[in-house]
Amino acid sequence: MEKVFPSIDEAIADIKDGAMIAVPGFFACGVPRALLQAIIKKGTKNLTLTCGCGPLLGAADELRTLVQKGQLKKVIDSYGLFRSASKGMEDPFEQAVRAGTIEFEVYPMGTMAEKYRAGGAGIPAFYTPTGVGSVVEEGVVTNIEANRGKKETRIIDGRKYVLEYALEPDFAFIHAYIGDKEGNLRYAKTARNFNHVMATAAKVTIAEVETLVESGKLNADDVHTPGIYIHRMIQVPRPKFAITID
Amino acid sequence: MEKVFPSIDEAIADIKDGAMIAVPGFFACGVPRALLQAIIKKGTKNLTLTCGCGPLLGAADELRTLVQKGQLKKVIDSYGLFRSASKGMEDPFEQAVRAGTIEFEVYPMGTMAEKYRAGGAGIPAFYTPTGVGSVVEEGVVTNIEANRGKKETRIIDGRKYVLEYALEPDFAFIHAYIGDKEGNLRYAKTARNFNHVMATAAKVTIAEVETLVESGKLNADDVHTPGIYIHRMIQVPRPKFAITID
Amino acid sequence: MAEKTKLKGLSRELIALRVASELEDGTYVNLGIGIPTLISDWIEGRDIVLQSEIGMLKTGPLATGDDVDQDLINASCQPVTALEGTSYFDIAESFGMIRGQHIDVAVMGALQINDKGDYAGWSNPARGLFVGNIGGSMDLCAGAKKLYIAMEHTTRDGQYKVVKELSYPATALGMVSMLFTDLAVMEITPKGLLLHEVAPGISAEDVQSVTEPKLIISKDLQEMQF
Amino acid sequence: MAEKTKLKGLSRELIALRVASELEDGTYVNLGIGIPTLISDWIEGRDIVLQSEIGMLKTGPLATGDDVDQDLINASCQPVTALEGTSYFDIAESFGMIRGQHIDVAVMGALQINDKGDYAGWSNPARGLFVGNIGGSMDLCAGAKKLYIAMEHTTRDGQYKVVKELSYPATALGMVSMLFTDLAVMEITPKGLLLHEVAPGISAEDVQSVTEPKLIISKDLQEMQF
């Protein structure tokens with residue numbers, strides 16, 4: 001079942017204004033940079049980008065452009081602001097968050113991971129100990145006050161837990177080190193991070209791979225993401241990242 | 001952090017009467033047969049074996065002995081009886097289940113998988129669509145009527161789900177094709193099945209491996225179960241299985 | 001239920017063939033125990049990928065002789081082979097794949113089915129046990145995008161299996177979309193069982209005579225093509 | 001809070017060294033951003049395995065020069081190296097490992113901590129935002145078997161960080177068991193903060209003078225050993 005598309009533009013052609021797109025990557029590591037650049041080029045507006053740990057800090061140029069071109073409606077992440085408050089004040093994304101023109105919704109990283117995993121695995125909601133005792137237990141943590149919906153908690157065997165819900169984005173942009181033409185993927189080292197769970201969670205998953213091989217070239221025991229989760233693929237050059245966040 | 005024990009008997013020495021032990025394997029595939037034989041030899045009584053898909057049908061000799069020696073209090077599984085009712089009538093385990101001298105508790109296979117995964121991952125409870133519309137949604141499915149506790153259901157986004165709880169056995173018996181001395185494991189093909197999730201779920205996880213290698217011999221991207229989940233290891237000969245169930 | 005005269009319908013292999021022709025290329029399919037397992041013989045070489053809930057995607061044909069590997073079986077506990085592009089994964093991933101609606105079609109056997117798409121398959125009350133073998137059946141019902149049933153139209157002694165109300169414990173309610181038997185192909189619609197096709201030599205009346213709920217006869221009723 | 005005279009305590013490196021000597025061999029440890037990251041320099045060669053929440057077990061020393069690989073970073077976004085026995089895994093597995101109580105000790109930095117073991121670290125209200133960077137901190141608090149805090153005892157301008165009540169948003173409540181600062185080692189007990197050790201040249205009175213809650217002085221009070 002071949003998944004390879006002739007071009008990256010064709011692979012994202014049906015992404016419409018208002019789409020919700022999962023963007024993996026842990027800061028600069030494992031970010032689908034070519035797909036981000038393609039969606040910038042396409043100019044799709046009103047996007048919700050659901051992240052995990054600061055891929056837009058890693059792909060800082062792309063974030064700046066997305067903000068400047070007014071393509072972003074909302075970002076969901078566990079770590080999406082500059083660490084340094086003074087640098088943050090000069091950052092167009094943080095300025096938009098402060099102004100309320102872009103919504104920024106925050107969860108603990110493990111809850112983000114579990115929301116995608118649940119979405120992909122048909123689990124609509126789960127209880128987690130993470131965030132109990134913090135504002136995370138009280139309601140949705142977002143800069144837009146009207147959207148701070150209440151969260152539910154529950155005592156199970158004497159411990160308090162928060163109820164969190166699955167997240168199923170419309171699309172996922174995936175970056176893999178290698179993939180076969182049927183969509184079986186392998187990631188390199190810590191670049192795996194959010195790629196697998198996001199691939200399972202999205203309705204349509206589009207993977208950019210650095211190396212594209214024929215079916216059968218990957219050891220069946222060593223596949224990280226089985227091809228069933230991948231709907232479209234393109235080959236891209238290995239991206240270059242500065243390994244830094246501020 | 002070396003996990004290798006000098007002998008299988010020493011690796012299970014502290015398992016006491018009444019222990020709950022996770023037993024992986026999908027029928028005859030991936031069953032920790034050497035560890036089962038060791039617990040038979042040790043004679044530990046009042047055991048609860050938590051399974052996933054009929055490993056005791058695969059290890060039929062071991063099951064017969066466990067029943068005959070009166071070592072079993074309870075079995076939890078998704079598929080633990082002979083397929084054929086007439087063969088079942090002659091099976092000592094099914095006879096004990098009919099007599100109520102061994103408890104047999106049943107869940108859908110995916111719910112079993114998720115109960116271990118949740119147990120290992122600190123998720124105390126989760127909602128699942130599986131079993132809705134069946135007796136599974138009404139209460140715990142067991143031959144012991146007094147233990148058929150009610151289950152909770154909930155409508156989320158218009159669909160009905162059952163609330164199921166994490167399972168955290170005292171011990172897990174794991175069978176791996178290869179492992180390094182720090183407990184990093186790889187499974188062979190479909191023998192992986194319940195091994196990984198059970199390794200994460202148990203308080204103490206004991207792995208039998210067919211091949212034991214020095215640390216560093218496994219590719220870090222190809223480890224199926226990271227060593228953190230494995231507390232004790234022993235090397236065992238490759239078991240022989242008849243690939244059949246009745 | 002009155003005992004019925006047994007009609008001469010398709011073999012199990014031909015039921016499997018009929019289901020195979022319903023499966024579309026480019027789909028991921030899971031086959032249950034029994035007649036569904038036979039479908040794999042009819043789709044070799046087609047662009048259909050079989051998922052096996054033990055933790056395998058792109059399951060190959062049954063293994064024989066030296067190809068038998070005790071570490072490589074399907075969910076029916078039969079030795080199988082791998083193909084180019086096969087992958088293995090753990091059981092939580094496998095059932096995530098199933099519950100998470102990544103499987104296009106699951107084909108299951110059944111003991112009873114009604115005209116609302118409810119079906120019973122995991123437990124035969126004749127065995128006299130409240131417990132039974134659920135296996136992966138309820139997960140597949142809950143998670144597959146489409147659920148097909150492939151079975152003999154009646155029991156061995158001619159009793160109804162297509163019934164008005166299930167008397168056996170349900171596997172899932174309202175999830176079945178198509179029913180394939182030795183006598184007919186039926187679709188479960190909001191109005192009831194819609195008879196699309198009959199086996200060669202079988203009439204709509206024949207099918208109705210061994211079917212408890214009233215059938216809706218398609219205006220395009222056809223004989224099954226092979 | 002009144003401004004305090006800044007006491008001359010340990011360097012950040014020596015705080016890290018003191019925490020390192022508290023970690024036991026044979027344990028799995030996760031180190032947060034800041035002073036905790038420095039601990040890794042002091043445990044090289046010991047039988048302590050570092051977990052990095054990005055999805056890595058047995059994280060090696062920082063990478064430099066040609067060893068830098070953009071596909072291999074730690075959770076603080078620093079290039080690192082692998083060791084013999086390293087493994088990589090995906091983020092759901094990584095946080096399952098964390099929440100599921102497989103990590104023996106997590107060491108985190110903090111902005112404020114009180115004598116009940118509550119601490120605040122993810123958001124400084126001075127930034128003027130309700131949202132902030134939570135990262136993996138709350139998961140580590142919820143899941144590690146033991147939670148240690150390593151931090152400067154006061155803010156740069158001498159304000160209390162060890163407070164009676166948190167004025168910053170909490171990361172977790174009642175989870176911290178030990179507090180390591182440039183001035184002291186304290187245990188969080190049901191009765192309050194128990195002062196076990198003081199830095200060389202620092203008295204218990206010095207520590208109390210920059211600590212808002214009342215300290216309980218251990219009868220075995222010692223000077224820190226290095």
Side-chain angles (χ1 to χ4, degrees), chain A residues 24 26-30 52-54 57-58 77-81 83 85 88-89 94 97-98 104-114 116-117 128-136 141-143 145 148 177 187-197 224 239-245, chain D residues 33-34 52-56 59 63 68-80 82 86 88-101 118-120 122-124 126-143 166 169-175:
Chain A
F26 199 109
F27 301 134
C29 192
C53 184
L57 296 177
D77 203 348
S78 79
Y79 203 112
L81 302 174
R83 202 180 300 173
M89 294 298 284
E94 185 169 324
V97 169
R98 287 177 183 275
F104 182 48
E105 188 175 302
V106 181
Y107 295 89
M109 202 190 307
T111 299
M112 285 305 303
E114 199 65 13
Y116 294 114
R117 196 265 165 189
T128 174
T130 300
V132 167
S134 78
V135 292
V136 166
V141 179
T142 160
N143 59 324
E145 215 173 325
R148 291 181 196 158
Y177 164 64
Y187 310 103
K189 303 171 185 173
T190 56
R192 192 178 326 182
N193 60 71
F194 281 87
N195 278 285
H196 175 69
V197 283
H224 293 153
K240 284 251 177 285
F241 280 101
I243 309 179
T244 177
I245 51 161
Chain D
I33 291 177
S52 186
E53 61 262 40
I54 190 171
M56 180 178 191
T59 304
V68 172
D69 177 350
Q70 70 180 17
D71 290 329
L72 181 47
I73 65 171
N74 66 16
S76 302
C77 201
Q78 298 168 307
V80 292
T86 289
Y88 305 107
F89 34 86
D90 93 297
I91 202 77
E93 185 72 51
S94 183
F95 279 89
M97 201 178 277
I98 289 169
R99 265 191 326 260
Q101 303 192 309
D118 309 341
Y119 99 91
W122 72 277
S123 175
N124 188 332
R127 194 159 176 171
L129 280 167
F130 179 73
V131 291
N133 290 330
I134 297 174
S137 60
M138 292 184 187
D139 295 283
L140 284 158
C141 293
L166 303 183
T171 303
L173 302 183
M175 293 295 189

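Chain letters run A, B, ... following the sequence lines, proteins first, then strands; residues in each count from 1.
Comparing Ala85(A), Gly52(A), Gly131(A), Pro24(A) by heavy-atom pairs within less than 4.5 Å of chain D, the highest count is held by Ala85(A). When Gly30(A), Gly88(A), Pro239(A) are compared by the number of non-hydrogen pairs under 4.5 Å with chain D, Pro239(A) comes out ahead. Heavy-atom pairs under 4.5 Å with chain A peak, among Leu173(D), Thr86(D), Asp139(D), at Asp139(D). In terms of heavy-atom pairs under 4.5 angstrom with chain D, the leader among Ala191(A), Pro108(A), Cys53(A) is Pro108(A). Annotation: maximal heavy-atom pairing with chain D below 4.5 Å, among Met109(A), Met89(A), Glu105(A), occurs at Met109(A). Per-residue counts of heavy-atom pairs under 4.5 Å with chain A were compared for Ser94(D), Gly132(D), Gly55(D), Cys141(D); the largest is that of Gly132(D). In terms of heavy-atom pairs under 4.5 angstrom with chain D, the leader among Thr128(A), Asn143(A), Asn195(A), Thr142(A) is Thr142(A). Ranked by non-hydrogen atom pairs under 4.5 Å with chain A, the options Asp69(D), Asn74(D), Thr171(D), Val80(D) are led by Asp69(D). For the set Ala142(D), Gly174(D), Ala170(D), the entry with the most heavy-atom pairs within less than 4.5 Å of chain A is Ala142(D).
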Could you go through His224(A) and Asp90(D), starting from their C-alpha distance and side-chain angles, then the distance that decides it, and tell me whether this counts as side-chain contact (heavy atoms from CB on, under 4.5 Å)? CA-CA 9 Å; His224(A) 293 153; Asp90(D) 93 297; over 6 Å; no
Take Glu93(D) and Arg192(A), measure what side-chain contact (heavy atoms from CB on, under 4.5 Å) needs, and give me the verdict at the end. CA-CA 11 Å; Glu93(D) 185 72 51; Arg192(A) 192 178 326 182; over 6 Å; no
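With a 4.5 angstrom heavy-atom cutoff, Asp118(D) does not touch chain A via any of its atoms. For a residue to count as touching a neighbouring chain, one of its non-hydrogen atoms must lie under 4.5 Å from one of that chain's; by this rule Ala75(D) touches chain A with backbone and side chain alike. With a 4.5 Å cut-off on non-hydrogen atoms, Ile33(D) touches chain A through its side chain but not through its backbone. Using a 4.5 Å cut-off between heavy atoms, Val68(D) touches chain A through its side chain atoms alone. Heavy atoms of Cys29(A) lying under 4.5 Å from chain D belong to its backbone as well as its side chain. Ile98(D) does not touch chain A: none of its heavy atoms, backbone or side chain, sits under 4.5 Å away. The part of Glu94(A) that comes within reach of chain D is its side chain, from C-beta onward, which places non-hydrogen atoms under 4.5 angstrom from that chain.
In this structure, the side chains of Ile91(D) and Tyr116(A) stay at 4.5 Å or more apart for every pair of heavy atoms. Between Phe130(D) and Val141(A), the closest side-chain pair of non-hydrogen atoms falls below 4.5 Å. Side-chain contact between Met138(D) and Thr111(A): absent, with no pair of heavy atoms (C-beta onward) separated by less than 4.5 Å. Taking 4.5 Å as the limit, some side-chain heavy atom of Tyr88(D) sits within range of a side-chain heavy atom of Thr190(A).
Checked by atom type and distance alone, the side chain of Asn133(D) pairs as donor or acceptor with a backbone atom of Gly80(A) at under 3.5 Å.
Residue Phe241(A) qualifies as enclosed at atom CZ: its count of foreign heavy atoms under 6.0 Å is above 12.
Closest heavy-atom contact between Arg99(D) and Glu114(A): NH2-OE1, 3.2 Å.
One finds the SG atom of Cys77(D) at 9.5 Å from the OH atom of Tyr79(A) (value rounded to the nearest 0.5 Å). We find the NZ-CD1 distance between Lys189(A) and Ile54(D) to be 12.5 Å, quoted to the nearest 0.5 Å. The structure places OH of Tyr177(A) at 9.0 Å from CG of Asp71(D), a figure rounded to the nearest 0.5 Å.
Remark: Arg117(A) is not positioned above the aromatic ring of Phe95(D), lacking an NZ or CZ atom under 6.0 angstrom from the ring centre and at most 45 degrees off the axis.
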